[in-house]
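These notes concern the structure reproduced below.
Keep in mind the model is a prediction, meaning the values are calculated, not measured.
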Amino acid sequence: MAALMIQGCGSDVGKSVLVAGLCRVFANRGLTVRPFKPQNMSNNAAVTAPDAEGRSGEIGRAQALQAVACRTPPTVDMNPVLLKPQSDTGAQLVVRGRVEGVWQAAGYQARKAALLDVVLDSFRRLQAEADLVIVEGAGSPAETNLRAGDIANMGFARAANVPVALVGDIDRGHVIAALVGAHAVLDLEDRAMIKGFLINKFRGDPALFNEGRAEIVRRTGWADLGMAPWLADARALPAEDAVVLDRASQGRAGRRVRIAVPMLSRIANFDDFDPLRHEPGVDFGFVPPGQALPGDADLIILPGTKATLSDLAFLRAQGWDVDIHAHVRRGGRVLGICGGYQMLGRRISDPDGAEGAPGSAPGLGLLEVDTVLAGDKVLRRVEGELAASAAAVEGYEIHIGVTEGPDTARPFARIDGRPHGAVSGDGRISGAYVHGLFDQAEARLALLAELGAVSDGGDQTARVDQALDRIATVLETHFDIKAMERIAGLT
């Protein structure tokens with residue numbers, strides 16, 4: 001069965017975007033393509049299409065994007081093992097889309113080898129339905145201290161006999177050292193899995209790095225599979241890793257309506273806000289820790305989080321609670337999404353330790369609701385309409401907890417025919433569990449109109465699809481696609 005694995009010299013070298021682009025390259029050639037990532041670590045998750053039993057699961061956001069690139073619905077087999085960090089040393093373990101508990105780092109390292117059978121089973125399912133599977137690695141295979149029991153990089157590649165192309169990020173510098181260094185530290189069997197290398201994020205005249213590429217070939221013996229330029233269209237794609245927020249724009253001058261989102265320590269599903277970054281009438285920015293929320297904001301959005309009580313304490317430690325209450329006193333609006341919605345209420349309780357240590361804490365008290373973090377995780381695609389405007393909305397829910405209280409009598413939306421969310425009596429504070437609120441042009445237009453902004457009316461789904469096509473065109477020009485076909489076993 002044809003397959004190719006894209007591994008990297010480190011995290012954030014662009015593997016996810018390259019895999020998405022290559023998925024679209026081969027899908028555009030009429031092939032049935034599937035994306036696959038054995039193990040992912042991210043709090044940006046997506047809800048999959050329901051299975052034969054009508055159950056949805058969750059996978060990494062990047063694999064959902066790659067499924068879009070393949071023009072196929074996302075399934076749990078595309079990312080069978082997902083780790084969602086809840087603390088610096090612990091993470092929620094999701095296997096084939098369902099939560100299997102919280103694991104500390106040391107305990108997971110001992111257990112992960114046992115998950116290889118699950119990973120291989122999911123991979124074979126995808127192979128059975130596809131002409132080509134494009135696999136994304138995690139981190140770097142050169143992290144040899146993690147090699148024992150590995151299921152994310154060479155452990156998987158060797159078990160499944162999938163050839164590897166190794167990606168180096170030239171924008172970081174020292175790309176020759178990164179690729180040649182990986183060759184040096186890998187053992188002979190792992191090194192033999194790598195059939196070629198790719199350079200990513202080059203700026204300028206590519207001829208200036210011809211000798212550098214030749215040097216990598218001389219020192220490694222790997223085939224030069226091409227060098228991608230800086231892909232500006234990647235900005236239109238949903239990012240998976242929160243590291244991108246460290247480089248996020250803090251808004252652009254001259255915009256009329258200002259929207260601010262505090263960068264919580266366990267922020268999740270922050271791609272909710274991608275459509276706002278493209279709106280010409282919006283000055284959008286994430287506010288990093290250590291900075292005050294802007295006093296001239298028209299709307300503050302509290303985002304989703306993987307650890308609501310922990311991030312509520314983090315929010316208070318930053319002084320953002322004071323900023324939010326001052327914002328409300330000035331007549332500003334606040335929207336809470338998922339965990340952010342829970343924070344807006346009177347109290348949050350986690351009696352069984354669903355998201356960490358058991359406990360409870362007062363919320364911000366801006367909505368007359370209370371939340372108990374208990375019960376099964378809700379994972380579902382949803383559709384409905386905004387209560388205030390009847391604008392159509394689509395999205396997904398991915399949360400633990402039930403929120404109840406007097407303000408739910410004023411729902412934010414009607415989802416699947418039922419009231420959803422809550423709105424304060426003056427209409428300026430609202431909350432909902434729905435992710436993807438801004439993706440649909442109609443809903444975004446209505447929500448921005450409440451702030452006095454005019455939407456460009458663009459559809460986020462179409463914007464992403466067009467960006468994938470443009471990225472695919474660039475990769476076809478700059479990568480040796482025929483060589484990659486031979487390596488993958490297509491020819």
Are Asp283 and Arg256 ion-paired here, with the side-chain N under 4.0 Å from a carboxylate O?
-> no
So, Asp169 and Lys201, do they make that salt bridge, N to O below 4.0 Å?
-> yes
Only one of Asp274, Asp272, Asp456 passes salt bridge (Lys or Arg N to Asp or Glu O under 4.0 Å) with Arg444; say which it is.
-> Asp456
Considering only NZ, NE, NH1 and NH2 on the basic side and carboxylate oxygens on the acidic side, decide whether Glu58 and Arg98 come within less than 4.0 Å.
-> no
Between Phe123 and Phe156, what is the ring plane arrangement, given parallel below 30°, perpendicular above 60°, and tilted in between?
-> perpendicular
Is there side-chain contact between Val474 and Pro229, with at least one heavy-atom pair below 4.5 Å?
-> yes
Distance (rounded to the nearest 0.5 Å) between Gln66 CD and Gln63 CD | 4.5 Å
Quick one: NE2 on His420 to OG1 on Thr408, what's the gap to the nearest 0.5 Å?
-> 11.0 Å
Considering all heavy atoms, the nearest Arg410-Gly425 contact | NH2-N, 3.3 Å
Backbone N/O of Glu368 and side chain of Asp407: donor-acceptor pair under 3.5 Å = yes
Okay, side chain of Arg428, backbone of Gly332: is any donor-acceptor separation there less than 3.5 Å?
-> yes
Given Arg380, Arg381, Lys377, the one that forms salt bridge (Lys or Arg N to Asp or Glu O under 4.0 Å) with Glu397 = Arg380
Between Ile324 and Leu315, is any pair of side-chain heavy atoms under 4.5 Å apart?
-> yes
Ion pair present between Asp121 and Arg125, side-chain N to carboxylate O less than 4.0 angstrom?
-> yes
Which residue pairs pass the ring-ring contact (aromatic ring centres under 6.0 Å, His included) test when at least one of the two sits in residues 366-408, sequence neighbours left out?
-> Tyr396-His435, His399-Tyr433
Apply salt bridge (Lys or Arg N to Asp or Glu O under 4.0 Å) to Arg71 and list each qualifying residue two or more places apart in sequence or on a separate chain.
-> Asp469
For the residue pair Glu450 and Ala388, what are the closest heavy atoms and their distance?
-> OE2-CB, 4.0 Å
What pairs meet the salt bridge (charged side-chain N to carboxylate O under 4.0 Å, His left out) rule with one or both residues in residues 288-311, with sequence neighbours excluded?
-> Arg258-Asp296
What is the ring orientation for Phe314 with Trp320, classed by angle as parallel under 30°, tilted 30 to 60°, or perpendicular over 60°?
-> perpendicular
CE/Met343 to CZ/Arg316 distance, rounded to the nearest 0.5 angstrom?
-> 9.5 Å
Value for CG (Asn79) from CG (Asn40), rounded to nearest 0.5 Å, stands at 5.0 Å
